[in-house]
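In what follows, a structure is listed as structure tokens, so that the remarks can point back to it.
In this text the structure is predicted, and so the values were computed from the model without any measurement.
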Amino acid sequence: MTTATWLGGAIWGGADDDSLWTGGSGPGGAPAAGNDVVLNRIGSLTLSLGANTPSLNSLTIFSDDILDVAAFTLYVDAPGSSGIDLSSGTIALAGGSIVDAADITLGAGGGISGYGSINITTGALTGAGVVEASGGLLDVFANVSSGVQLAIDSVGGGDLRIQQAAATNSAISMTNSSQILEIGSAASLTIGVQEITTGGTIYLNGGTATLTDAFGLVLGGNLTGGGTVDAELQGGGTAKASAGLTLTFKQNVDQAGAATQFVIGDGGTIDFDAMVGTFSIKPLVTFQGATGTLSDTAVIMTSVNFGTITGFSGGDEIHLQAFGAGDTYVISSDTLTIMNAAGTLSQSFAFASGTAMDQIVVTDNGGIDTIAICFMAGAMIRTPDGEAAVETLKRGDLVLTAEGAAKPVAWLGRQTISALFADPVRNWPVRIRAGALDENIPSRDLLLSPDHALLVGGALFHAGALVNGTSIRRETQVPPTWVYYHVELEDHSLILAENTPAETFVDNVERRNFDNWAEHEALYPDGKPISELPYPRAKGGRQVPPRIRALLAERAVLIGAQAGAAAA
């Protein structure tokens, strides 16, 4: 079979000039019926082929070429309705584009394959043919009806990206690592049969990206990104919430098959809305980066079964449906066990070796148990290079002041507190809820010592003085020991802890309570006098003016802090 190649440029009005074709078996090299047509390096092309144009077996559109078929009927192998009719022929894209205002109808023997883009402004991809990504990225800016079979080259691989609403009644075969299925940030894909992956990667590109499978997704490859999976998930593969994105699973997870490996990127969230794991199938969880959230508040805690949790550190949190007010917990080796007040229900969580188990706390906020590392390790401090956990700072590291100046750390003090011997009022940490002081201040819950001062409304207030029982509370459940960290600069400054202006360390009579005070004395054998900031200071609740109390009360309402919730 010969291949007819177009030699002309962009055409307006007709493509039946035989002199502009070569290689075909028709007159002057034009395509004859049943031949292949190649449009190569012609730029933007609008064709009006006319009623006498022979039907074509296939049409290839090369890189940088655009076939605009908005105003005519292109018959590939057989006549059809307005738009493109592929009853059994094929359009092969090699980097080019198809632009159409009407439907593209694919017959059972027809299809579109390759890499490039398909753009349909008002119609859809319909029929019963195949759309296959091969050799690169195939971007589908079109609604796809359920009869169309979506595919990715199973041998050479490809990247099929759905950019609008799509449905298919056929599984998308994914068997090797070079196959990629993407769902755009404003797109949805509904698969009408059980989707089984043994390789490749499914990307949900954030936004409202949604993957739906009424018969369940068996994940043997990778699923990553952010969006919603509305399907029962059976594991064996890896599912990752990318940095800063939320990956939500609407239906039961790992109720059969193998365990899934869940990974939470820096600032990411994995949110389960149903049962997770079983007594014998326990999905694994890995936290990556400085912050991450694992959440399943939709079902009772005993219906949540995780395997080993790895990488859990200062900025990470686990949210679960509480058994009820008065939950207690016990830490033994690398295991955390949460029990209800009567001790009749319990749930255990296993953490990888090396987790700071002595700093884990469990708090109850209105029926949600939050597992976290106590602030003192993990509070994020603003630096010129971004946020850094306070415990990672060392002498010479630069931090940003509230005024935006970069200043080096002179010393990082560490103070270990024992719950057995500490006075709860003077020593137990104070939790300041996210947004309790102002919009995004703090940016996350902030825990700090009661005598650590923050700048609020033009004055320095000790955290203990701000306690109001709702948005700012004393911790009531603490580990056996914990560590406070204090950042000292060469002067008394305000740095940003979780986006909150907090004072740096100033030498005081309790300095020898620091674990590493000997380091300070070695650095400054003659002492280090520092002039304090020129702000008024309130150390006790009676010194907090009514306007500040009113501000805190207003913020508590805005962030939903409830007066009747259990103290945290």
Side-chain angles (χ1 to χ4, degrees), residues 222 224 235-241 243 253-254 258-270 272 276-296 301-302 304-320 327-339 346-363 369-380 387-394 412 414-420 429 444 447 475 477-485 515-516:
N222 300 301
T224 187
T238 299
K240 178 178 180 179
V253 168
D254 286 359
T260 303
Q261 171 70 65
F262 291 99
V263 179
I264 304 173
D266 191 15
T269 297
I270 289 185
F272 299 104
V276 179
T278 68
F279 180 77
S280 58
I281 305 172
K282 296 180 181 289
L284 306 176
V285 178
T286 298
F287 288 86
Q288 293 180 340
T291 63
T293 302
L294 176 67
S295 177
D296 189 343
M301 196 185 299
T302 49
V304 178
N305 297 275
F306 292 115
T308 302
I309 299 171
T310 302
F312 190 69
S313 60
D316 301 323
E317 293 186 351
I318 301 172
H319 299 167
L320 301 155
D327 286 2
T328 61
Y329 66 94
V330 174
I331 295 175
S332 175
S333 184
D334 295 323
T335 301
L336 166 71
T337 301
I338 303 176
M339 299 165 288
S346 66
Q347 181 69 41
S348 294
F349 300 88
F351 293 86
S353 177
T355 303
M357 300 298 295
D358 60 337
Q359 297 178 18
I360 285 182
V361 295
V362 180
T363 57
D369 272 354
T370 298
I371 304 173
I373 300 288
C374 206
F375 148 81
M376 294 57 75
M380 303 307 291
E387 304 288 319
V390 63
E391 73 273 15
T392 67
L393 296 175
K394 59 184 182 299
L412 182 68
R414 300 189 308 275
Q415 184 180 18
T416 300
I417 304 296
S418 171
L420 181 62
R444 296 187 310 149
L447 285 93
E475 290 289 274
Q477 298 189 57
V478 294
T481 62
W482 65 91
V483 179
Y484 288 122
Y485 293 87
D515 304 345
N516 59 334

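Separation of atoms CD1 (Ile309) and CZ (Phe351) is listed at 4.5 Å; rounding is to 0.5 Å. Here the straight-line distance linking atom CD of Gln347 with atom CG of Leu320 works out to 8.0 Å at 0.5 Å rounding. Here Asp515 contributes atom CG and Thr416 contributes atom OG1; the two are 3.5 Å apart, rounded to the nearest 0.5 Å. Note: Asp334 CG to Phe349 CZ = 15.0 Å, rounded to the nearest 0.5 Å. The CG atom of Leu393 sits 10.5 Å away from the OH atom of Tyr485 when rounded to the nearest 0.5 Å. Atom OH of residue Tyr329 and atom CD1 of residue Ile360 lie 9.0 Å apart, to the nearest 0.5 angstrom.
Scanning for side chain to side chain contact (heavy atoms under 4.5 Å, CB included) contacts around Gln261 gives Thr238, Val263, Leu284, Thr286, with sequence neighbours left out. Judged as a side chain to side chain contact (heavy atoms under 4.5 Å, CB included), and not counting sequence neighbours, the contacts of Thr337 are Thr335, Met339, Ser346, Ser348. Checked against side chain to side chain contact (heavy atoms under 4.5 Å, CB included), Ile281 has the following partners two or more places apart in sequence or in another chain: Asp254, Ala259, Thr278.
Contact of the Asn305 side chain with the Phe279 side chain is not registered, since no non-hydrogen atoms from C-beta on lie closer than 4.5 Å. Two residues are said to be in side-chain contact when any heavy atoms from C-beta on lie closer than 4.5 Å; Phe287 and Leu294 meet this criterion. Counting heavy atoms from C-beta outward, Ile338 and Asp369 have side chains that approach closer than 4.5 Å.
Asn516 places a side-chain N or O within 3.5 Å of a backbone atom of Leu412 that can act as its donor or acceptor partner. Side-chain atoms of Asp316 do not come within 3.5 Å of backbone N or O of Thr293 as any donor-acceptor pair.
For the pairing with Val285, the side-chain contact (heavy atoms from CB on, under 4.5 Å) check across Thr260, Thr310, Ile264, Ile318 returns one residue only, Ile264.
The minimum heavy-atom distance linking Ser333 with Met357 is given by the pair O-CG, 3.4 Å. Summarising the geometry of Gly289 relative to Ser313, their closest heavy-atom pair is O-OG, 4.3 Å, with the distance given to 0.1 Å. The shortest non-hydrogen separation linking Glu317 to Ala372 is CG-CB, 4.0 Å.
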### Message
As a quick check of understanding, evaluate side chain to side chain contact (heavy atoms under 4.5 Å, CB included) for Thr291 and Asp266, giving each step before the final call.
### Response
CA-CA 5 Å; Thr291 63; Asp266 191 15; 3.7 Å; yes
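Between Phe272 and Phe262, the angle of the ring planes goes over 60°, which puts this pair in the perpendicular group of the 30/60° scheme.
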